[in-house]
Amino acid sequence: MPATRLTVLAGGVGGARFVRGLRAAARAAAVPPEITVVANTGDDLWLAGLRVTPDLDSLLYALAGVNDEQRGWGRAGETERVSGELAAYGVGWPWFTLGDLDLGTHIARTALLKDGLPLSAVVERLAARWPIGVRLLPATDDEVETHVAVVEDGEERELHFEEWWVRTRAKVPARAFLQPGAEHSSPAPGVLEAIGEADVVLLAPSNPVVSIGTILGIPGIRDAVTSTRAPVVGVSPVIRGAVVRGMADACLSAIGVETSAAAVARHYGARASGGLLDGWLVDLADADAVPGLEADGLATRAVPLWMHDEATSAAIATAALDLAGTFARR
Ligand code: FO1
């Protein structure tokens with residue numbers, strides 16, 4: 001693995017599992033590459049007066065080894081005494097649980113933001129508490145939240161992504177995903193360089209719409225990916241027509257993309273035709289999609305994509321890096 005600088009675009013839950021595997025694969029290399037994670041910030045919100053950043057926290061906690069592995073978000077060994085008090089006062093969202101340890105992170109983050117630190121500096125400060133072994137960057141330091149246009153109880157509404165995702169469990173059909181203010185935002189410091197100067201750029205098996213799509217929606221990032229000299233390889237978040245976690249199918253159908261490994265690849269597009277990808281990994285169950293994608297100029301390999309544990313995640317990351325290695329740096 002000659003690559004020494006790896007950059008991965010990632011959301012929260014699936015992204016965290018993949019990045020942990022990538023880190024393990026990197027540590028096993030003769031010359032361990034540096035990893036930069038560009039994390040989705042579209043899920044971020046103000047709640048109970050605190051700035052909450054779900055995907056950054058899923059990545060941070062998982063890489064620190066202090067995450068609730070079952071839920072995929074929040075802290076291990078969590079208690080919920082304070083959230084009980086917030087609910088009693090009717091502050092925050094009763095259906096969006098902020099655990100006590102998690103609140104420590106949100107209070108610290110909010111205090112640092114109020115001291116004037118940009119989000120990227122806050123992330124660096126919070127992450128310094130643990131040896132997470134990667135550089136974790138928010139896609140942007142600006143507040144660009146994902147909102148979902150829905151029709152609920154007969155009226156058109158715009159919900160914060162977290163309300164749509166957690167309160168309605170994505171059951172209220174999304175008519176559109178919006179990123180209000182994105183046009184005035186810019187990538188966080190280091191993001192464009194991490195993409196432009198990488199030896200390999202990876203798209204984690206995260207939600208193509210509200211994680212990868214929202215990262216690409218920050219002005220400059222999509223262009224950086226399409227123009228980087230590094231090979232760009234993505235990992236399908238869909239196996240055998242079903243999303244691995246979460247309700248990404250509700251997001252894909254909302255933008256008219258079929259929930260299949262091939263459709264997501266075509267949604268990202270082959271670089272040869274102006275899209276993002278040089279290579280694409282699909283699960284063995286989707287091996288029948290390989291010839292068609294190859295015919296579309298997408299180098300595609302079928303490998304086991306279920307991330308059961310760090311070892312399987314590392315094998316997926318290694319397969320992605322091996323596929324990237326078949327491309328000469330432009
Ligand atoms: N997800 C839930 O399904 N229920 C919750 O109560 C909840 C609380 C929560 C608090 C902090 C946080 O960072 C994440 C939280 N999540 C919760 C998960 C969240 O919806 C996801 O991490 C992503 O935003 C979607 O991928």
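Throughout, residue positions are numbered sequentially from 1 according to the sequence presented. Atoms within a ligand are numbered from 1 in the order they appear, just like the ligands themselves. The shown structure was predicted, so the numbers you read here are calculated from the model rather than taken from an experiment.
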Could you tell me whether [X] and [Y] make a salt bridge, using a distance below 4.0 angstrom between a side-chain N and a carboxylate O?
{"X": "E158", "Y": "R175", "value": "no"}
{"X": "R75", "Y": "D57", "value": "no"}
{"X": "R266", "Y": "E258", "value": "no"}
{"X": "R5", "Y": "D199", "value": "yes"}
{"X": "R20", "Y": "E69", "value": "yes"}

Which ligand 1 atoms are under 4.0 Å away from a heavy-atom of [X]?
{"X": "D102", "result": "11 (C)"}
{"X": "W95", "result": "6 (O)"}
{"X": "T97", "result": "5 (C), 6 (O), 8 (C), 9 (C), 10 (C)"}

Which residue owns the protein heavy atom closest to [atom], what's the atom, and how far is it?
{"atom": "atom 23 (C) of ligand 1", "value": "D43 OD2, 3.4 Å"}
{"atom": "atom 15 (C) of ligand 1", "value": "W73 CE3, 3.4 Å"}
{"atom": "atom 3 (O) of ligand 1", "value": "R169 NH1, 3.0 Å"}
{"atom": "atom 13 (O) of ligand 1", "value": "P54 CA, 3.2 Å"}
{"atom": "atom 25 (C) of ligand 1", "value": "W165 NE1, 3.5 Å"}

Over 12 foreign heavy atoms within 6.0 Å of CZ, R240: no
- line: The reported gap from CG in L136 to CG in L60 (rounded to nearest 0.5 angstrom) is 6.5 Å
- prompt: Which distance, rounded to the nearest 0.5 Å, do you find between the CG of L103 and the CG of L50?
  reply: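 Taking CG in L103 and CG in L50, the distance rounds to 6.5 Å.
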- line: Check: of E80, H106, E162, min heavy-atom distance to atom 19 (C) of ligand 1 comes from E162
- request: Work out whether the distance between some heavy atom of W93 and some atom of ligand 1 is less than 4.0 Å.
  value: no
message: Check contact between R71 and ligand 1, using heavy atoms of the residue and a distance below 4.0 angstrom.
response: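 No; R71 lies far enough from ligand 1 that no heavy-atom distance drops under 4.0 Å.
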